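Everything below concerns the one structure shown next.
Values in this document were obtained by computation on a predicted structure and should not be read as measured data. All ligand and atom numbering here is 1-based and tracks the order in the structure.
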Amino acid sequence: MKIVKTPKSRLHETDFDNLGFGDVFSDHMFSMVYDNGAWLPPEIIPFDNLSISPALSSLHYGQIIFEGLKAFRAHDGSINIFRPEKHHERLNKSCRRLCIPEVDGETFLNGIKELITLDKDWVPRKRGYSLYIRPFIYGADVYLGVKVSDTYRFLIITSPVGAYYKEGLNPVRLITSGEYVRAVKGGVGTAKTPGNYAASLLPAYEANKKGFTQVLWLDALERKYIEEVGTMNIFFLIDDELITPPLEGTILAGVTRDTVIHLARDWGMKVNERRLTIDEVLSAARGNRLKEVFGTGTAAVISPVGEIQHEQTLITINDGRIGSVSQKLYDEITGIQYGEKEDRFGWCYTI
Ligand SMILES: *Cc1c(COP(=O)(O)O)cnc(C)c1O
């Protein structure tokens with residue numbers, strides 16, 4: 001792969017003991033252009049501003065998809081990328097929905113590998129910290145009509161990030177929305193595409209104003225089935241059954257969701273991907289059968305839920321503290337990611 005190195009590294013300007021999320025970027029980025037019906041040879045170039053036309057089609061109509069995954073520094077200095085094949089699979093699924101040409105697995109994996117090998121010193125050494133990897137593809141035609149772009153650019157940028165929750169796993173407060181929905185069957189809810197996030201900003205803003213962390217999304221048709229939370233998937237432990245909503249066309253198929261399902265089943269837990277109404281959750285809470293609720297996503301891994309507000313009802317889960325299953329899942333997944341626990345499912349791609 002062609003590599004153009006930066007003349008001046010920014011590594012020493014970065015405080016690796018105090019990292020936030022997504023505001024510092026490593027020295028290089030992966031870049032590949034699609035033109036004349038094919039992806040051209042990829043290259044790695046210095047991270048820099050893009051020069052784009054104000055008439056860039058995707059800037060107006062959002063023909064864009066993205067991914068989010070992480071690389072972790074193990075004690076022996078090696079670097080573990082967590083489940084890149086699964087993220088590649090989802091990238092292509094998003095591509096198909098947005099009429100974006102797919103990217104082959106070798107190009108994706110090799111691109112990440114070469115980029116991180118070059119920028120290996122950007123992978124933080126502090127436990128809890130990691131290198132966030134953001135692949136994305138945008139339509140690159142300069143044209144104001146609504147149509148499928150003929151040209152694209154695929155970029156991968158990386159960002160060293162701190163622990164998602166600085167004070168440990170603090171339970172979040174959720175509220176349902178009577179007004180807004182995230183996705184409808186047949187729409188783009190199953191794709192990682194910017195429009196979904198743009199649509200979620202106002203509901204999230206209003207939830208924040210009321211003192212809640214995130215919106216708990218209910219289905220768009222009947223407004224009773226639970227779907228997702230903010231930008232995470234969601235799990236409920238009712239009695240001894242671990243329940244998460246099924247992937248039926250409105251929910252983003254989270255890699256962390258899949259990881260949790262695998263681990264919990266492997267531990268012999270009863271895990272069901274099934275529909276679940278907000279009323280079932282409230283009634284389980286009333287009967288003291290709702291043990292734990294948590295969100296899952298690459299950024300936070302496991303995000304315990306302490307409270308849920310639905311219409312006039314507010315429930316508190318596990319006294320607003322993290323539950324033992326949530327904690328065990330968090331410890332197991334992060335243990336595998338940092339190379340401290342055996343990677344029995346072959347999830348880490350080590351470089
Ligand atoms: C990215 C994302 C998730 C979580 O997916 P992971 O692969 O676990 O990071 C869940 N819901 C939405 C809407 C997302 O964008």
State the atoms of ligand 1, each with its element, that fall below the 4.0 Å cut-off from a heavy-atom position in [X].
| X | value |
| --- | --- |
| G254 | 5 (O), 6 (P), 7 (O), 8 (O) |
| M232 | 10 (C), 11 (N) |
| R90 | 5 (O), 6 (P), 7 (O) |
| Y197 | 13 (C), 14 (C), 15 (O) |

message = Below 4.0 Å, non-hydrogen atoms only: which portion of N233 touches ligand 1? Side chain, backbone, both or neither.
response = both
Would you check the N or O atoms of [X], main chain and side chain alike, for any that come under 3.5 Å of an N or O of ligand 1?
| X | result |
| --- | --- |
| V255 | yes |
| R257 | no |
| T298 | yes |

[atom] [closest protein heavy-atom partner, distance rounded to 0.1 Å]:
| atom | answer |
| --- | --- |
| atom 3 (C) of ligand 1 | T231 O, 3.3 Å |
| atom 12 (C) of ligand 1 | E228 OE1, 3.3 Å |
| atom 2 (C) of ligand 1 | K192 NZ, 2.6 Å |
| atom 8 (O) of ligand 1 | T256 OG1, 2.6 Å |

message = Rounded at 0.5 Å granularity, tell me how far CG in L98 sits from OH in Y138.
response =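 One gets 15.5 Å once the value is rounded to the nearest 0.5 Å.
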task = Grab the two heavy atoms, one from I137 and one from V103, that are nearest each other, plus how far apart they are.
result =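 What the structure gives for the nearest pair is CD1-CG2, 3.8 Å.
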message = Less than 3.5 Å apart, any donor N or O on the side chain of S57 or D141 sitting next to an acceptor on the other?
response = no
query = Among side-chain atoms of E227 and T250, is any donor-acceptor pair under 3.5 angstrom?
reply = yes
inquiry  = Any heavy-atom pair between the side chains of H310 and L282 that's under 4.5 Å?
reply    = yes
message = Using heavy atoms and a 4.0 Å limit, tell me yes or no: is R182 in contact with ligand 1?
response =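 Contact check R182 vs ligand 1: positive.
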key: Passing candidate, salt bridge (charged side-chain N to carboxylate O under 4.0 Å, His left out) with E67, options R90, K93, R134, K192   =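 Of R90, K93, R134, K192, salt bridge (charged side-chain N to carboxylate O under 4.0 Å, His left out) with E67 is met by R90 alone.
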Under a 3.5 Å distance rule, please check whether [X] uses its side chain to pair with a backbone N or O of [Y] as donor and acceptor.
| X | Y | answer |
| --- | --- | --- |
| N318 | E292 | no |
| D35 | L40 | no |
| R182 | G189 | yes |

